[in-house]
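Read through the structure below, which is laid out as C-alpha cells, and then see the notes.
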Amino acid sequence: MNSAIDFINEKTNNFKPVTGIILGSGLGDFADEFEGIRVPYAEIPGFQASHVAGHKGLLVFAEVAGKPVVMMQGRYHFYEGHSMQTVTYPTKVMKKLGIKNLIVTNAAGLLHKEFIPGDLMLISDHLNLMGTNPLIGKNDDDLGPRFPDQSDIYTKDLRKTAKEIAAKLNINIKEGVYAGLTGPAYETPAEVRMLRGLGADAVGMSTVPEAIVANWCGINVLGISCLTNYACGVIDRQLSHNEVIETADRIKDSFKKLLFEIVKAI
Ligand code: HPA
C-alpha cells in the first residue's frame, strides 16, 4: 500500500483529494471533462489492469468545481475473477490519500415498476448478496475496526445534500435499496422476485464491496445508481449489456450536472 501512495504522490505532486468518485458503466465520461493528472491503474503498485468494455482503468486527479477530487474511470468487478482485496484496494488507497467522501456510481437493474429506466436512485442501504465480505481476513486496525457498524453506510447528510441539489436542478431522483450480486449472468425472473421480496429496489454487480470498505475506514459514502433497465422478468423481454450502456448514455448529461454540483457542495 505504501508503495502505491508514494508512487501516486510523486506522479501528482502530493495532490490531496477530499472526495473520491467511482464512475460506473457508461458513466466514466465525467472525468474526461477535467484537466488533471491521469494515472493508468496498470502502473500503480498493487492495482491490476481492468478490462471491461466501457471502463478505461485510469485514476484521474483534478479540481472539480474548485474541489480536489480523485476519480476512478473504471472499477474492478468480482465477476472478472478479481479477489475482493483487488476490488477494494483502490478504496483503501483513496482513504490513505485523504478522501473524506466517496461517491460510488453504478448502472443497475430495476426490480419494480415504480421506477423507470433512466431514473437516478440514491442508494439508501444495500443488501450484500455476493456471498462473501471484503473485510474477511486479517484486520488492518490502522484503517478500521474488526466489527464495523453499518447502520449509516450511505450517510443521511450526503443523501440530504444530493436530494436538495437534484431538486434545484429539476432532476427527479429516487431513493432505494441496492442489492449487490456477483453476476456476471443477469438474474433469473425467480431471483428478481426473491430480491423484491427481500426489500431491494435495484440490483447490480458492484458498489457493495467498495461501500463496505469505505464505511469501515470512516469515509462518508454517497451511492448513486443509474437505473438502466428493468431486471429480467419485470417486463417480458431479454436483457443485453447494450441496453445498459444505451440508457446510461442517454441520461449522462443530467448525471454529470448532478455530480458536479454535489462535489461543489460537499
Ligand atoms: N442486473 C444486474 N446488474 C445490472 C443490471 C441488471 O439488470 N443492469 C445493470 N447492471
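Order of listing sets the numbers, starting from 1, for every ligand and every atom in it.
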- Query: When you look at NZ of Lys160, are more than 12 heavy atoms from neighbouring residues, nucleotides or ligands closer to it than 6.0 Å?
  - Reply: no
- Message: Counting neighbours of NZ on Lys67 that are heavy atoms of other residues, nucleotides or ligands and sit closer than 6.0 Å, is the number greater than 12?
- Response: yes
Per-pair distances, ligand 1 N/O vs protein N/O, less than 3.5 Å:
unit_1, atom_1, unit_2, atom_2, d
ligand 1, 1 (N), Glu187, OE1, 2.8
ligand 1, 1 (N), Glu187, OE2, 3.3
ligand 1, 7 (O), Asn229, ND2, 2.9
ligand 1, 8 (N), Gly109, N, 3.4
ligand 1, 8 (N), Asn229, OD1, 2.7
ligand 1, 10 (N), Ala107, O, 3.3

- Residues passing the side-chain contact (heavy atoms from CB on, under 4.5 Å) test with Pro90, sequence neighbours excluded, are Phe47, Met72, Tyr76
- Flag for Asp32-Gln73: side-chain donor and acceptor within less than 3.5 Å: yes
- Query: Side chain of Tyr41, backbone of Gly74: donor and acceptor closer than 3.5 Å?
  - Reply: yes
- Message: Would the distance check show the side chain of Thr247 and the main-chain N or O of Pro117 forming a donor-acceptor pair, the cut-off being under 3.5 Å?
- Response: no
